[in-house]
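Okay, so here's the structure we're looking at.
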Amino acid sequence: MADLVIRKLGKTYLDLYAGRHVTAVTDVSLEIHTGEFVSIVGPSGCGKTTLLNMVAGFVPPSVGEILLAGREVKGPGPDRGVVFQNFALFPWKTVLDNVAFGLKMRGLPREERQGIAREFVALVGLTGAEGRYPNELSGGMQQRVGVARALANNPDLLLMDEPFASVDAQTRMTLQEELTRIWEARHPTILFVTHDVDEAVFLSDRVIVLSRSPGTVRAEISITLPRPRSWSRMVEDNTFKALVARVLALVRDSNATGAAPAPESPRG
Amino acid sequence: MAGGHPGLKSFLPFVPIILLWAAIARSGIFPRVFFPGPWDVVASFANLIYKGILPDYLGDSIVRLVVGVGVGAVTGIPLGLLVGLSPMGYRFFWPLIVFFQAVGDIAWLPILLIWFGFGLTTMTFVIVYTVLFPVVLNTVLGVRSIPLEFIRAAQSLGAGRVRILHEVIVPGALPNIITGLRNGLGWGWRALIASEMIVGTSGVGFMMFDARRAGQVTEVLLGMILLGLLWYVVDGWILVPLEQATIERWGVVARLD
């Protein structure tokens with residue numbers, strides 16, 4: 001069963017500074033199956049974040065439709081968990097209360113939601129940090145909390161918007177490996193947006209390349225690399241290297257053949 | 001910082017001022033009735049406490065301050081949330097807020113005296129009025145400075161409008177709300193003393209003005225010192241602990257020590 005179906009999706013918005021309409025995304029159709037890990041890559045300004053924001057329900061589409069498990073997406077909801085680039089953890093809540101937030105919104109009693117939250121804190125390797133506040137944690141640890149918070153709410157679909165772009169390179173690789181480990185253990189359906197081709201190939205079952213301005217699907221590449229995946233193995237792996245080269249060529253090509261550089265959509 | 005008693009450490013900077021004051025008073029440049037020394041003020045303090053006047057007046061001033069700040073906060077915070085969150089609320093209330101803020105507290109006294117006379121109603125009005133604006137303006141600022149992603153995160157975790165209000169908006173705006181209360185308390189304290197001087201029948205401000213009439217310079221000075229000391233207590237015992245328990249813990253502002 002196709003879990004997420006996007007049909008002929010487009011977004012045009014009024015750029016108040018330029019004083020004209022800008023098409024950020026046009027004619028995007030794709031399907032993501034339950035338990036699949038799909039990444040969207042593309043040059044900056046290709047509308048990939050706009051696409052993710054529409055799926056999240058933060059931004060209404062101009063045309064087309066988004067169906068999740070057969071129901072039309074009409075706004076944000078707990079069936080779609082979101083992991084933000086800047087973490088967006090609530091600074092006034094402890095790690096445990098951040099992770100338990102969605103469960104609290106569902107009305108679970110305190111004991112129960114804290115029990116579940118503890119499991120997810122453990123899943124992301126933060127046992128012992130439950131009582132700490134986000135500002136006391138490193139960026140990498142904060143994003144682990146972000147992942148745990150989204151997963152603890154048991155969403156049908158996990159949306160990740162360049163989640164590892166604001167942590168250092170070493171931490172990023174660790175987080176990528178941990179994400180594949182979590183995905184292999186629990187098989188959440190993930191739509192992952194990134195501009196990092198290595199990251200997309202390393203993590204995904206399928207990589208979708210968006211072309212630049214307006215963003216539309218340029219190519220889809222199946223990533224047939226075996227799992228579990230680790231960086232120590234991948235750096236030596238010729239299939240990995242070939243896939244990265246192929247995706248990179250598509251991204252760069254879409255960059256070069258694009259018309260005049262489009263104004264960036266907000267964090268496009 | 002090195003150890004030592006915190007109260008003692010904060011007292012240290014005042015030592016040279018007190019010594020200078022004592023030296024000038026001793027030198028006899030000014031007549032002692034107009035320029036009493038620190039020891040005269042301490043004696044007057046002991047005397048007024050003994051007579052029970054000072055505790056009564058202090059109590060009156062503090063109760064007025066607490067009531068004024070309480071009413072100002074209870075009306076100012078919801079109003080600030082409304083103006084900060086609702087475009088309609090903003091369009092309606094913002095011009096009014098800008099206008100009435102400019103009128104100022106003491107400028108209301110003449111008309112208040114005509115309407116309510118010399119007494120508690122007038123003083124309460126002035127202090128609530130003074131507290132209200134910093135609380136409203138800072139609450140609006142706080143609401144508007146909450147990152148959009150906090151709201152989006154809450155929405156995608158299943159929070160509805162009411163939950164977002166008290167789980168995200170209020171705590172998100174709290175650093176600014178505390179700043180507003182702090183400013184309100186500071187301005188309110190000054191407005192209270194000023195209105196006690198003009199319309200009061202009790203309170204620290206009244207005591208100072210009354211002492212002036214009677215030529216009791218020591219009591220005027222005592223009142224001034226008490227104002228400073230009281231603020232020190234309010235700041236150190238209420239405001240600073242409140243900030244430490246909330247916004248410093250969350251890392252919203254840096255600790256200054």
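Keep in mind that what you see is a predicted model, and the values were worked out from it rather than measured. In what follows, chains carry the letters A, B, and so on, assigned in the order in which the sequence lines appear, proteins first and then strands, with residues in each chain numbered from 1.
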Parallel, tilted or perpendicular for [X] and [Y], by the 30°/60° rule?
X      : Y      : result
B/F14  : B/Y232 : perpendicular
A/F164 : A/F192 : tilted
B/F133 : B/Y129 : perpendicular

If you count heavy-atom pairs under 4.5 Å between each of A/K93, A/K104, A/R80 and chain B, which one has the most?
A/K104
Please identify, among A/V83, A/D79, A/L89, the residue contributing the most non-hydrogen atom pairs under 4.5 Å to chain B.
A/L89
Where does A/F58 contact chain B at under 4.5 Å (heavy atoms): side chain, backbone, both or neither?
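Contact with chain B involves both backbone and side-chain atoms of A/F58.
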Examine B/W108 together with B/F116 and report whether their ring centres are nearer than 6.0 Å.
no
Check whether B/P171 gets within reach of chain A through its side chain, its backbone, both or neither, counting any heavy atom under 4.5 Å.
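Both backbone and side chain of B/P171 come within 4.5 Å of chain A.
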